[in-house]
**Q** 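Supplied in structure tokens, the structure appears directly below.
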Protein chains: 2
Amino acid sequence: MSDTRNQEEELRSLQDTLYFIGGKWRIPVINSLCNGNKRFREIERSIPGITTRMLSKELKEMEMNKLVKRTVYDDTPVLIEYEPTEYCHSFGKIIQSMIDWGREHREVVTNKKKSSLKK
Amino acid sequence: MSDTRNQEEELRSLQDTLYFIGGKWRIPVINSLCNGNKRFREIERSIPGITTRMLSKELKEMEMNKLVKRTVYDDTPVLIEYEPTEYCHSFGKIIQSMIDWGREHREVVTNKKKSSLKK
DNA sequence: CAGGATCCTGTAGGATACTG
DNA sequence: CAGTATCCTACAGGATCCTG
């Protein structure tokens, strides 16, 4: 119950979450799924810049980690749908607050981008 | 006002925030500062694994971006203090929800780590 | 204590082309 | 449509040692 212990535990929880977020695309993909996109191309189009390779990897990992459910309907042509699990949705609140924060601080962040590393 | 436009705007805000989070250490550093750590070594010790090089870079960037205020008190030996700005604090809520999420999903995330990529 | 300077490497992730 | 397969590289970030 010492303060140090508390901070350690906080930090661990925090780093778990950071680890979970992982790469560049995890969050946008979760967001897209939570917005109702289900088909591979549909998700792809909703995230400008992502490549099929990256999306494919993300979805595979997310399936392994029970973040999405992949369903194959095989009427020809094959139809495949991805759906976010509850676990996935549980992350939605954080994403929403990230969106809000980003919106609120648009200018600041934008300025930062501009002045980034110019020598 | 179309739905697509909204989603685009959401995504932009989200990616701004993600960009802001940036590297591996930004969030832990903000967290440490918000927990009241002020001295370089103090911050360093509160974040196991970080190197002086990384902390130094983070703090410098954060100062440039008005996330911290650096104050030099020059009684010998020189004393230096870092303090989070309001802007920095504004990110605190998100960090807190990350901590909560991480805590709540500890097992899941932990299992994920273990089973990560073993062929 | 508060950092700076160097050297080095892994790997995330981009580009591109192909398949059933 | 729904992905796989290759090839390739920039750069984030680790390890180490040094300085005022």
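Note on naming: letters A, B, ... go to the chains in the order of the sequence lines (proteins, then strands), and numbering restarts at 1 for each one.
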**Q** Please assess Arg26(A) against Met62(A) for the test side-chain contact (heavy atoms from CB on, under 4.5 Å), listing each intermediate value before the final yes or no.
**A** CA-CA 8 Å; Arg26(A) 173 67 46 95; Met62(A) 289 175 66; 3.5 Å; yes
**Q** Among dC1(C), dG13(C), dG3(C), find the nucleotide with the atom closest to the side chain of Ser56(B).
**A**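 Minimum distance to the Ser56(B) side chain belongs to dG3(C).
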**Q** Walk me through whether Glu9(A) and Arg106(B) qualify under salt bridge (charged side-chain N to carboxylate O under 4.0 Å, His left out).
**A** CA-CA 11 Å; Glu9(A) 189 276 336; Arg106(B) 173 139 316 146; 3.5 Å; yes
**Q** From dC1(D), dG4(C), dG14(D), pick the nucleotide closest to the side chain of Arg39(A)?
**A**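 For the Arg39(A) side chain, the nearest candidate turns out to be dC1(D).
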**Q** Please report the distance, rounded to the nearest Å, between CG in Leu55(A) and C1' in dA15(C).
**A**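 The answer, rounded to whole Å, is 16 Å.
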**Q** Which comes earlier along DNA chain D counting from the 5' end, the contact point of Leu79(A) or that of Arg53(A), where each point is its nearest nucleotide?
**A**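 Result: Leu79(A).
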**Q** Just compare dG3(C), dC1(D), dT4(D) and give me whichever is closest to any side-chain atom of Arg45(A).
**A**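 The answer is dC1(D).
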**Q** Rounded to whole Å, how long is the line connecting atom CZ of Phe40(A) with atom P of dG20(C)?
**A**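 Interatomic distance, CZ of Phe40(A) to P of dG20(C): 17 Å.
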**Q** Would Ile95(B) and Ile99(B) count as a side-chain contact (heavy atoms from CB on, under 4.5 Å) here? Give the steps.
**A** CA-CA 6 Å; Ile95(B) 294 184; Ile99(B) 292 173; 4.1 Å; yes
**Q** Identify which nucleotide among dC1(D), dG13(D), dG4(C) has an atom closest to any side-chain atom of Met54(B), counting heavy atoms from C-beta outward.
**A**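 Between dC1(D), dG13(D), dG4(C), the one nearest the side chain of Met54(B) would be dG13(D).
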**Q** Taking atom P of dA12(D) as reference, at what distance in whole Å does atom CD of Glu61(B) sit?
**A**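 Interatomic distance, CD of Glu61(B) to P of dA12(D): 9 Å.
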**Q** Expressed as a whole number of angstroms, how long is the span from Glu44(B):CD to dG13(D):C1'?
**A**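 Computing the Glu44(B):CD to dG13(D):C1' distance gives 15 Å.
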**Q** Heavy atoms from C-beta onward define the side chain here; which of dG4(C), dG3(C), dG3(D) lies closest to that of Thr52(A)?
**A**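 When the side chain of Thr52(A) is considered, dG3(D) is the closest of dG4(C), dG3(C), dG3(D).
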**Q** NA contact type, Lys24(A), heavy-atom cut-off 4.0 Å: base, sugar-phosphate, or nothing?
**A**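 The residue Lys24(A) makes sugar-phosphate contact but no base contact.
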